[in-house]
Every structure is written in structure tokens, then in C-alpha cells.
Engineer: 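Dropping the structure in here first, questions after.
All ligand and atom numbering here is 1-based and tracks the order in the structure. The analysis underlying the following values was restricted to heavy atoms, covering all of them including side chains, and did not include hydrogens, waters or symmetry mates.
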Amino acid sequence: MRHLLAVGDLSRSEATSLLDTAEHMAATQGRTIKKLPVLRGRIVATAFFEDSTRTRLSFEAAAKRLSADVISFSAGGSSLSKGESLKDTAQTIVSMGAEALIVRHRASGAPQRLAHCGWVDVPILNAGDGTHQHPTQALLDAFTLRRHLHRGADLAAPESSGLDGAHVAIVGDVLHSRVARSNVGLLALLGARVTLVAPPTLLPVGMEAWPCDVSYTLDDVLARRPDAVMMLRVQRERMSSAGGGFFPSPEEYSRQFGLNAERLAALGRGAILMHPGPMNRGLEVCADAADSAHSVVTEQVANGVSVRMAALYLLLAHGQEI
Ligand code: CP
């Protein structure tokens, strides 16, 4: 693995190996000394051309746990406002000694361009590009699901991904969601069954070819007792105006596709509620659901550090003892 750009670039064994490495990384965090020396003396850079809380901080925490020095570029306050290009920005950061670039960009394909156009010669990790891919989010989601659903036993089987046969409902704004695209691909690769639930206006053209089922009725899907329900954020910033005509009103969206108190009560006993964050409380998920015993939202965030430690380790330090 040279870069981490899209879940479609991973084989099943590479994805499973990354999740297994993340388990090792999580185990190191129970030690008294939590920092591993594997990236000591090396610089890792985050380059965020689009806003982020979880992904940027999580990558920075992961790199620091591996003893890397971290330099951080954010679009706000940078020379982007003076017209500096993606190419010149990336080359500037790498010239300062960065040995990996963690890139988020509002344009789909920007990390792929950096990886393949020869402007820089370092591993590129995609931290979310437009509506396209968010591979480490899907990996941390798979890691979280695997921990909850397979309770260790099945992971002992050599060919098991830990997710074979699981059923995951992904609900909401699929159209604008790189999280949904990444999760559908990765979950299918790992043997899980995915049902997308959304209004027709929030499903992308061409998704008939995706390896998943589709429903327009959340209550029908919940009645099938999925193992996990992943609520997607309604991405109002990617809609042309408030609502953008994608749904009649926030109230109507919430009534049809929100995880409200009644739907929370309909979840199976062991079912988990996931959300990539940031949550629109009161729109796609009610506060009671977000804070319920079913919710694993904060676990997803915590697991993100282990998964990103694994990704950085495999790209930059593979073979070193952890
Ligand atoms: N899940 C996620 O990508 O969150 P941020 O936008 O805060 O990084």
C-alpha cells in the first residue's frame, strides 16, 4: 500500500489487516506509556482545504501517538487567499520535510491528483474529498461494528473479516455523502449486507450498480432488525439553498427519515446507532437517540485514532515492532 485514497483500492485482506493492526494499536493505548517510537524524527502533515473537527484532530493525535512531528495546514488563514494552488501548497509542505500528506479537499479527486500527478512523492492519505471518498471513516466504522457485532469469537477464524453476514442500514443524505460511498464499498468487501434508506431526491444517479439494497421507508428497514443503523448528516452546506428542494421541510425530513424516539424504541436490543458526525440533533437524529445506550458515536471517534495510527504505521513504518 503506497497511498490510502479510496476503499476500492483495498483488497479484502488489506482491509482486514488494517483493522487487525488497529486492534494492536488500540491495545497499546492501555499501556502506561502510550507513545510508540515508530515515527520518531519524521514529519507528518495535515492539509485541510475543508473544515473538520474529528478527522484532523484524530489524524494529529494518531501521528503524535506514533511519535511523529505534526505540521498542520488549514485553508483559513493560509496563502490560499492569495491564490496559491493545490500543487504549490503541497510542494511547499513537502519541502519542509513532511513524509506523508493527509489531505481533505472539497473537490472530489484532489487527493488522487496529488498521489498520481508527480507533484509530490510522499504517501497521500485521503481525509475526505468532496462527495467521493472518506476511507478512514469507513475503516473506523467497520472497526467499531466489528468490535460490537462479533464479540471476538469469529475473529479467530483466519478467513473472517469479522463482518460477514452483518446487516447495516445507512440512512439519509446519501447523495452528498462520501461516508456512505466509502461504507457501502468497504462493508460489501468485508461481507456485510447494506441497505440504503433515503428519499429518491437524496440518492445519486448510478447507485443501482452499488453493492447494496435500497429502501425509501425507514420503518420497513428497522422492522428487519439491522445490526447497525448509520444515520448520515444532512449536508446543508452542499445544497444550493436551505433545503435546496431535496425535501419539503426539515420537519418532514425528520418525520420520514429521522431517528426519533419511536424508532429508537424499535431498535433491536444489541443494535448500535452510528453517526459519522457532526450530528444535526433534531434533524436526522433526536437527542435521546444520540445520547442513548445504542449510540456508539463517541466510540467511533475514539476508534478513529487507532485506525489512523494503523494507517500511518502501515504506510510509513511497516515492519517496525509495536
Ligand atoms: N466524520 C468527519 O469526517 O467529521 P469531521 O468533518 O469533523 O472531520
Engineer: Which of these, Gln300, Arg54, His134, has its nearest heavy atom closest to atom 3 (O) of ligand 1?
Structural biologist: His134

Engineer: Check each atom of ligand 1 against the heavy atoms of Gly277 and keep those under 4.0 Å away; list them by number with element.
Structural biologist: 1 (N), 2 (C), 4 (O)

Engineer: Within 45° of the axis and under 6.0 Å from the centre of the six-membered ring of Phe59, does NZ or CZ of Arg308 qualify?
Structural biologist: yes

Engineer: Salt bridge or not between Asp9 and Arg2? Use side-chain N to carboxylate O under 4.0 Å.
Structural biologist: no

Engineer: Could you tell me which non-hydrogen atom of Ala228 sits nearest to which non-hydrogen atom of Leu145, and how far apart they are?
Structural biologist: CB-CD2, 3.3 Å

Engineer: Enumerate the atoms of ligand 1 whose separation from the nearest heavy atom of Thr55 is less than 4.0 angstrom.
Structural biologist: 2 (C), 3 (O), 4 (O), 5 (P), 8 (O)

Engineer: Tell me yes or no: between the side chains of Gln137 and Ser182, is some donor less than 3.5 Å from an acceptor?
Structural biologist: no

Engineer: In terms of atom number and element, which parts of ligand 1 are under 4.0 angstrom from non-hydrogen atoms of Thr53?
Structural biologist: 5 (P), 7 (O), 8 (O)

Engineer: Are Arg193 and Asp227 within salt-bridge range, i.e. N to O under 4.0 Å?
Structural biologist: no

Engineer: Note the single closest protein heavy atom to atom 6 (O) of ligand 1, along with its residue, its atom name and the distance in Å.
Structural biologist: Arg104 NH1, 2.9 Å

Engineer: Measuring from atom NE2 of His116 to atom CD of Gln112, what distance do you get when rounded to the nearest 0.5 angstrom?
Structural biologist: 6.5 Å

Engineer: Check whether any heavy atom of Glu50 sits under 4.0 Å from an atom of ligand 1.
Structural biologist: no

Engineer: Considering only protein heavy atoms, which is closest to atom 1 (N) of ligand 1, and at what distance to one decimal place?
Structural biologist: Pro276 O, 2.8 Å

Engineer: Yes or no: does Arg56 have any heavy atom under 4.0 Å from an atom of ligand 1?
Structural biologist: no

